[in-house]
Amino acid sequence: MSSLSNMRAALVTRNLFKAQQRAFSATPRRLESYGFIGLGQMGYQMAKNLQSSLSSNDSIRLFDINKDAMRRLAEEMKASQTGGAAVDLAQSANDAAKDSDIVITVLPEPSHVKSVYREILSPGLPRRNRIYIDSSTIDPSSSREVASWVAEANQGQFVDAPMSGGVVGATAATLTFMLGAPDALVPKLEPLLLRMGKRVLHCGVQGTGLSAKLANNYILAINNIATAEGMNLGIRWGLDPKTLANIINISSGRCWPSEVNNPVKGVVENAPASRDYAGGFGISLMKKDLKLAIAAAKEADAKLELGDRARQVYEEAEQVESCRGRDFSVIYRFLGGKE
């Protein structure tokens, strides 16, 4: 073949390859179907961000026992100018999951998680290699139990992905997810979770995401009480609150409750203490996480010297009218701190 013929053949091949590339890029990717179960304060905002960031080729089915929340969210999604995935309302948790490739659950307690997955995994569920992502904060043992149910039913894989960042983070899609999942699933899960957050920390195998979160929140619960006690002590000795906080925060006592969520009004401008402890991380949620951490520690035979006493403090504080329903830094008020 002449050099001219070779050049013509190469040009035809390149043009054919480019045409194939254009054809492939113009072909819509396969529809991905999502089920989202649990539309409380966190789940509502997470589902909203997920739906708006998905392709119109995707679909999302919503379910919550609160039908009004379901309808309201669906209306907000459909009215949004951002488009996103097609939205449908499911009649049950099983209905939300049956045609889904990925099922996300955000539920309050271990009992709720178990109840929902029992319903999902009913005998009539079509066989499918689904991925179940549970972002509930529950004990690792319960999470592993549900994972075993999914595996035994041969219905896909179950991972834990509890999050931190609160309602503010859920609304702004700035949550941090602590992921417990096999290495092979991480490349698929990370981009999905980043539609609802800004950081994904892979902690190890299934169950380790919850272990990491509960270990962190145990420390947080203790540090919060210690900060409230230390601030109260220093102020009663005559120290100015801001001066005391500055000293703590450049010294060895520095921690998140002292620096970011200081329990004394006026020390940190945007902290809950400066708005009568409204918003933030509720004292009931801190009590719940601490209780879960203590239970998990007993299972692991890990000795906790301060856990039970800290739990008593939160339980007693929650019974006080001026503390109930407020950010967990309200422990300072419970201790009789000057406001």
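- If you take CG on Asn217 and OG on Ser164, they are separated by 8.0 Å, rounding to the nearest 0.5 Å.
- Around CG of Leu201, the count of heavy atoms belonging to other residues, nucleotides or ligands within 6.0 Å exceeds 12.
- Residues Ala310 and Ile222 share a closest heavy-atom pair of CB-CD1, 3.6 Å.
- With Lys114 as the fixed residue, the side chain to side chain donor-acceptor pair (under 3.5 Å) test singles out one of Glu109, Glu119, Glu145: Glu145.
- Contact of the Pro182 side chain with the Val159 side chain is registered, since non-hydrogen atoms from C-beta on lie closer than 4.5 Å.
- Annotation: Gln312, atom CD; neighbour count of heavy atoms from other residues, nucleotides and ligands within 6.0 Å is above 12.
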Walk me through it: do Ser136 and Asp134 pass the test side chain to side chain donor-acceptor pair (under 3.5 Å)?
CA-CA 6 Å; Ser136 315; Asp134 184 40; 2.7 Å; yes
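- The environment of NZ in Lys67 is crowded: more than 12 heavy-atom neighbours from other residues, nucleotides or ligands sit within 6.0 Å.
- Between Glu75 and Arg72 there is no salt bridge, since none of the side-chain N atoms of the basic residue sits less than 4.0 Å from a carboxylate O of the acidic one.
- The 12-atom threshold is not exceeded at NZ of Lys291, counting heavy atoms of other residues, nucleotides or ligands nearer than 6.0 Å.
- If you take CE on Met70 and CD1 on Ile65, they are separated by 11.0 Å, rounding to the nearest 0.5 Å.
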Could you check Leu194 against Val200 for side-chain contact (heavy atoms from CB on, under 4.5 Å), going step by step and ending with a plain yes or no?
CA-CA 7 Å; Leu194 289 175; Val200 177; 3.9 Å; yes
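- A pairwise comparison of heavy atoms in Gly166 and Leu175 identifies O-CD2, 3.7 Å as the closest pair.
- A salt bridge is absent between Glu339 and Lys265; no separation between the charged side-chain nitrogens and carboxylate oxygens falls under 4.0 Å.
- Between Asp101 and Arg128, at least one side-chain nitrogen of the basic residue sits less than 4.0 Å from a carboxylate oxygen of the acidic one, meeting the salt-bridge criterion.
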Quick one: side chains of residues 231-247, donor-acceptor pairs under 3.5 Å with protein atoms, not counting sequence neighbours, listed by atom name and distance.
{"residue": "Asn232", "atom": "OD1", "partner": "Arg236", "partner atom": "NE", "Å": "3.0"}
{"residue": "Arg236", "atom": "NH2", "partner": "Gly336", "partner atom": "O", "Å": "2.7"}
{"residue": "Asp240", "atom": "OD2", "partner": "Lys242", "partner atom": "N", "Å": "3.1"}
{"residue": "Asp240", "atom": "OD2", "partner": "Thr243", "partner atom": "N", "Å": "3.0"}
{"residue": "Asp240", "atom": "OD2", "partner": "Thr243", "partner atom": "OG1", "Å": "3.3"}
{"residue": "Asn246", "atom": "ND2", "partner": "Lys242", "partner atom": "O", "Å": "3.2"}

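- Looking at Met286 and Asn224, their side chains never come closer than 4.5 Å, going by heavy atoms from C-beta outward.
- With hydrogens and angles left out, the side-chain atoms of Ser122 and Asn94 include a donor and acceptor closer than 3.5 Å.
- Salt bridge Asp327/Arg333: absent, no basic N to carboxylate O contact under 4.0 Å.
- Atom CZ of Arg144 is surrounded by more than 12 heavy atoms from other residues, nucleotides or ligands within 6.0 Å.
- Hydrophobic clustering of Ile, Leu, Val, Met, Phe, Trp and Tyr side chains at less than 4.5 Å, counting indirect connections, unites Val320 with Phe281.
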Evaluate Asp95 against Phe63 for side-chain contact (heavy atoms from CB on, under 4.5 Å), listing each step before the verdict.
CA-CA 8 Å; Asp95 186 37; Phe63 179 72; over 6 Å; no
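- With contacts defined as side-chain heavy-atom distances shorter than 4.5 Å, the pair Leu220/Pro257 qualifies.
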When you look at Asp289 and Lys213, which way does the side-chain contact (heavy atoms from CB on, under 4.5 Å) test go after all the steps?
CA-CA 9 Å; Asp289 285 7; Lys213 177 169 183 179; 4.1 Å; yes
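- A heavy-atom distance below 4.5 Å is not found between the side chains of Thr227 and Trp256.
- Nearest heavy atoms, Leu125 versus Lys98: CD1-CA, 3.6 Å.
- Taking OG of Ser148 as the reference point, atom CZ of Phe158 lies at 9.5 Å (rounded to 0.5 Å).
- Residues Leu292 and Pro110 meet the side-chain proximity criterion, which asks for heavy atoms closer than 4.5 Å.
- Side chains of Ile120 and Gln155 form no contact here, defined as non-hydrogen atoms less than 4.5 Å apart.
- Atoms CG and CD1, on Leu189 and Ile133 in that order, are 5.0 Å from each other to the nearest 0.5 Å.
- Nearest heavy-atom pair across Leu304 and Ala293 is CD1-O, 4.4 Å.
- When side chains are defined from C-beta on, Thr137 counts as touching Lys288, because their heavy atoms get closer than 4.5 Å.
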Run Glu269 and Ser274 through side chain to side chain donor-acceptor pair (under 3.5 Å) and show every step you take.
CA-CA 6 Å; Glu269 184 179 348; Ser274 295; over 6 Å; no
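- Follow the hydrophobic side-chain contacts under 4.5 Å out from Leu107 and you reach Ile104 in the same cluster.
- Residue Asn49 holds its CG atom at 9.0 Å from CE of Met196, rounded to the nearest 0.5 Å.
- Put simply, CD on Gln51 and CD1 on Ile60 are 6.5 Å apart, with the number rounded to the nearest 0.5 Å.
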For the pair Tyr44 and Asp64, evaluate side-chain contact (heavy atoms from CB on, under 4.5 Å) and give the outcome as yes or no after the intermediate values.
CA-CA 10 Å; Tyr44 192 101; Asp64 192 277; over 6 Å; no
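- Ile283 has its side chain out of reach of Phe334: every pair of non-hydrogen atoms, C-beta onward, lies at least 4.5 Å apart.
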